[in-house]
Every structure is written in C-alpha cells, then in structure tokens.
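All residue numbers refer to positions in the sequence shown, counting from 1. Note that ligands are numbered from 1 as they come in the structure, with each ligand's atoms numbered from 1 the same way.
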Amino acid sequence: MIRFDYSNQLLFTDGQIREQEQHVANAYQQLCDKSGKGNDFLGWLDLPEETDEALLNQIQSCANRLERQSEIVVVIGIGGSYLGARAVIEALQHSYKGFCPFSDNHAPFVTYSGNNISEDNLCELLEVLDNKDYSLIVISKSGTTTEPAIAFRILKKHCEDKYGKEWAKQRIVAITDKARGALKKLADVEGYETFVIPDNVGGRYSVLTPVGLLPIAVAGFDIRQLIAGARTMRQELLAQHKLDDNIAQQYALLRYMLYKNGKKIELMVSYNPKLAFFIEWYKQLFGESEGKEGKGIFPTGATFSTDLHSLGQYIQEGERHLFETVLSIQQSRFQVPIPEDKDNLDGLNYLLGKSIQNINLTAEEGTRMAHVDGQVPNLRLIVPKVDENNLGQLVYFFEFSCALGGYLLDINPFDQPGVEAYKKNMFRLLGKPQ
Ligand code: PA5
C-alpha cells in the first residue's frame, strides 16, 4: 500500500495543522456526500467498484483484436483523452520497446497523435505507418477537439488508402460520448467499434474508463490489476474519515497550507524516468482542476537525478516559492550489478555490492536532506514498486486529493472554462464558420 510522509513539510506545528483539520474534513464531507461544486462530474469516484466484468471483457477482446492485426497502435487524443493512458503505459513498458519488440510482452508499440498541431510530427508518423501494420484508437469526449480531429482525418485517410475502406473499419476504434459530438456521428456512419465515456466523468478523471483502459490493455498490461489497485485505495480513503488516517486528506491539506504560506509551486519529482508521463498526467489533473479564479498551485515536475543537473541549483538556492512532492519508488524491477574493476581507475569500487536501486534511493535521501536544508518543504509518497496495482492506487489517490484540493480552494475542480480562450482566438483567426 502507498504511504504518505510529511515529516519534512518544515513550516507547520502539529497544532497549526490541527487548526485546519475541520477545513479538510468539510471538503472530504462535500466530496463523499457529493454535495460540492461540480458534483455532476463525480462518476470517477465510484468507477473502481462500478466497472463491470462485461465492459472489461469487451475492452480486452477489442485489445486482443487490435494486437493481432497491428505492430503499432496510434492513440489519437489530447489532454485527459490521452495523458492517463500514456502515464500508465510508459511507466510499465520497456523503455526501449521501439528498439526491441522481443521485450517483456508481444503487444504492439503504442504511440500517440493528435496532441499537438505539428505538421512535421504527423508527416514523420505517416512515414512510419507506410511500412507497418497499424490500428487507430481515436478518443475525444466532446468529439469536436481540433487537434485530434485534424490528426484523425489524416490518419483515417491513410488507413483507408492502405487497407481499403472496409478493412480500415476493423482497424479503427472510437471512444467518445454516448450521443453527442462529431466523432460519435462519424463513428456511427462508418460503423467503428465504439466505447462510451460516461457523462459524469471529465477527461482528466477518465483513466479508469475505456479512455485509459483500452490503450493500456492494447499495450499488454493488466487492466484488472490497475482497477484492483484503485479499488483498494478507494476503500481506504472512504473508510478512513479522520485526518490522522487518511493520506489524501493529509496530502491535500498540506499542499493547501503550503500554498497559503507562499509555496505557490509544487514540483512533482520522481527518480525513475519511466514516470515522466505520470508527472505529465499529474500536471494536467491539478493544473486544470485548481488553476482558476486567480487561485491554484502551479503544478510542475522533474526527474531526478537528471534534473538535479539542470534545475537543482534553482531548487537549492533560488526563490523560496516551491515545495517538492516525491514519488519514492522502493524497488526496481530489474538488477544490474556494478562490475568489479581491479584497477579502480574511475574510483567507483566503493560502490561494489550496492545495487543501482540502492544508490538511487541514497541519492533521493541526500537530495531530500539538501533541499530541506535549503528550506524546500518535502512531501513524500512511498510506493513499493511500479506495477499496475500501485499505479491504480496512485491514480485514485491523486484524483481524490485533487478534488479535495479544489474544495479547499473553494473552486469547482471539474470544469476548465479557461481552456476555451485560446480556441476562440484560433477559430476566429482560421475563419471557422460560426
Ligand atoms: O480534462 C479535460 O477535460 C481536458 O483535458 C480534455 O480531456 C481535453 O481538452 C480533450 O477534450 P476531448 O476529450 O473533448 O477531445
């Protein structure tokens, strides 16, 4: 089970935390009895219990079909319609899967499109797809988002030209709203296999719907274990009502108190590059949920020790407006021994007998000590290892904490009105008909 350690939060006495206990208790109550802002978007809260076997079987059999016919599966979507899937897939898959198809599983290589408007990126993807068997999963809740719509129009045409219109249909799956939006209409007309995004689940809370589950299953990972992990965390967070026993309440409250005391930036840190996209998912979840009405922590991230050689100087001695939350992974999946070298010209023999994972954890400890000395509050999520179950726990933990964080700030954590501003300008400049 994931644990939370805030012993290095630096700023508050126990008494000061207690003074705020009622505040987070109210937020927790609002969330659990579904009486808070945006309560028509709380479907994610019960997903781990409510996702039934029939849906999981349908997702798995679709994934198996895509796997049989594809070397590559392209997931087309943006924001909440792709980040959750990518977060889990990149955390679990071989880091060099593109170079070694013989690695841990025989699943297709999952890649992503429609999350930018880069012509070069699309062109390079088409070049790859010319020479590979592939399928497409197109995901959009609204069914009208421009970036994935452009990518899908181009990739659909490529797929139809390559396989013929009828065979292309077997290679395209749509995940969208049950009734509205251009993608739903198009999928119905073309006869694609379709999965529904529930009305009451917003994009960034949709990892445990087909939005995340289908791509994760296609990549060869165990979606039942992912859900089991989320279910374990859900049961824990709903059973433990008190601050002392509820890690989401603790995390949400500490973040809120740090923010109110000038720590406006949260740096989500991992010491495992496989979690880089998990941090991207966290950034979107918290950024879109909390950043409104002139409020909200700015969520950002780093991979250490890599970024200690770029951001490390700033974190240690720059402006004191940030705190760190560390995803502390206790076990690696594999071991690589450090070879003995009699000449010891590189001076590394003192590390003999230590595992690389142990050295990484020691780097984490040393960095924590240095940053705490530098007055950077440090929160820590202790994760036994990176697997489906723990990732499911983390997903649910962050979703729950994020909702609490929104209620602590007295904002609606489930809307994103600000995202429309750039779109309006872009459409006007492009001359989109009204
Ligand atoms: O979290 C959200 O709601 C957003 O990030 C959306 O997922 C993103 O804008 C994509 O929207 P759609 O799924 O409608 O294409």
Side-chain angles (χ1 to χ4, degrees), residues 37-45 47 74-88 112-117 136-156 172-187 192 194-216 277-292 296 298-299 301 395-396 398-403 405-406 411-427 432:
K37 291 183 180 176
N39 59 358
D40 45 344
F41 278 95
L42 287 175
W44 57 271
L45 204 51
L47 276 176
V74 186
V75 175
I76 304 165
I78 195 166
S81 285
Y82 98 105
L83 279 167
R86 190 166 188 177
V88 173
Y112 308 88
S113 186
N115 56 66
N116 57 61
I117 319 178
L136 305 174
I137 302 175
V138 54
I139 309 175
S140 175
K141 180 162 186 193
S142 63
T144 54
T145 307
T146 310
E147 290 89 336
I150 294 173
F152 183 55
R153 181 182 276 214
I154 290 166
L155 293 172
K156 172 179 181 284
I172 298 176
V173 179
I175 305 179
T176 188
D177 186 82
K178 68 174 183 311
R180 73 191 167 101
L183 179 58
K184 170 65 184 160
K185 202 166 145 197
L186 198 155
Y192 301 146
T194 303
F195 289 89
V196 171
I197 309 174
D199 283 343
N200 58 359
V201 181
R204 58 190 176 275
Y205 291 83
S206 68
V207 195
L208 302 175
T209 73
V211 171
L213 297 178
L214 180 63
I216 292 166
F277 261 88
F278 196 89
I279 292 175
E280 291 303 309
W281 172 78
Y282 142 84
K283 280 161 59 179
Q284 193 230 353
L285 178 65
F286 281 79
E288 271 193 359
S289 298
E290 291 188 334
K292 52 197 71 157
F298 184 80
V395 162
Y396 196 86
F398 278 118
E399 290 179 347
F400 199 97
S401 305
C402 183
I411 49 95
N412 176 355
F414 307 112
D415 65 1
Q416 55 284 327
V419 180
E420 294 309 309
Y422 95 93
K423 294 185 194 170
K424 276 193 198 132
N425 291 339
M426 181 176 79
F427 293 149
K432 183 180 178 185

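- Counting only heavy atoms of the protein, atom 2 (C) of ligand 1 lies nearest to E288 OE1, 3.3 Å.
- With ligand atoms numbered from 1 in the order given, ligand 1 contributes 3 (O) to contacts under 4.0 Å with heavy atoms of Q416.
- Distance check, rounded to the nearest 0.5 Å: CD1 of I197 to CG of D177 gives 7.5 Å.
- With rounding to the nearest 0.5 angstrom, the NZ atom of K423 is 7.0 Å from the OG1 atom of T144.
- Those atoms of ligand 1 with a heavy atom of S142 less than 4.0 angstrom away are 12 (P), 14 (O), 15 (O).
- Nearest protein neighbour of atom 3 (O) of ligand 1, counting heavy atoms only, is G203 N, 3.6 Å.
- Those atoms of ligand 1 with a heavy atom of I78 less than 4.0 angstrom away are 7 (O), 8 (C), 10 (C).
- Classification of the F278-F398 ring pair by plane angle, with boundaries at 30° and 60°, yields tilted.
- Evaluated by nearest non-hydrogen atom to atom 13 (O) of ligand 1, the leading choice among S206, S81, G77, G114 is S81.
- Of the protein's non-hydrogen atoms, the one nearest atom 11 (O) of ligand 1 is T145 OG1, 3.5 Å.
- Judged purely by atom type and a 3.5 angstrom limit, K292 has no side-chain atom pairing as donor or acceptor with the backbone of P417.
- Distance screen at 4.0 Å: atom 9 (O) of ligand 1 has no protein heavy-atom neighbour inside the cut-off.
- Here the side chains of L213 and F195 are not in contact, with every heavy-atom distance at 4.5 Å or above.
- Side chain of K283 to backbone of F277: no donor-acceptor contact under 3.5 angstrom is found.
- Rounding to the nearest 0.5 Å places CZ of F286 at 11.0 Å from CZ of R204.
- Atom 1 (O) of ligand 1 has its closest protein heavy atom at R204 N, 2.9 Å.
- Closest to atom 6 (C) of ligand 1 among all protein heavy atoms lies G80 N, 3.8 Å.
- Of the polar atoms of Q284, at least one N or O is found under 3.5 Å from an N or O of ligand 1, judged by distance alone.
- Expressed to the nearest 0.5 Å, how far CG of N115 lies from CG of L83 amounts to 7.5 Å.
- For ligand 1, none of its N or O atoms has an N or O atom of P148 under 3.5 Å away.
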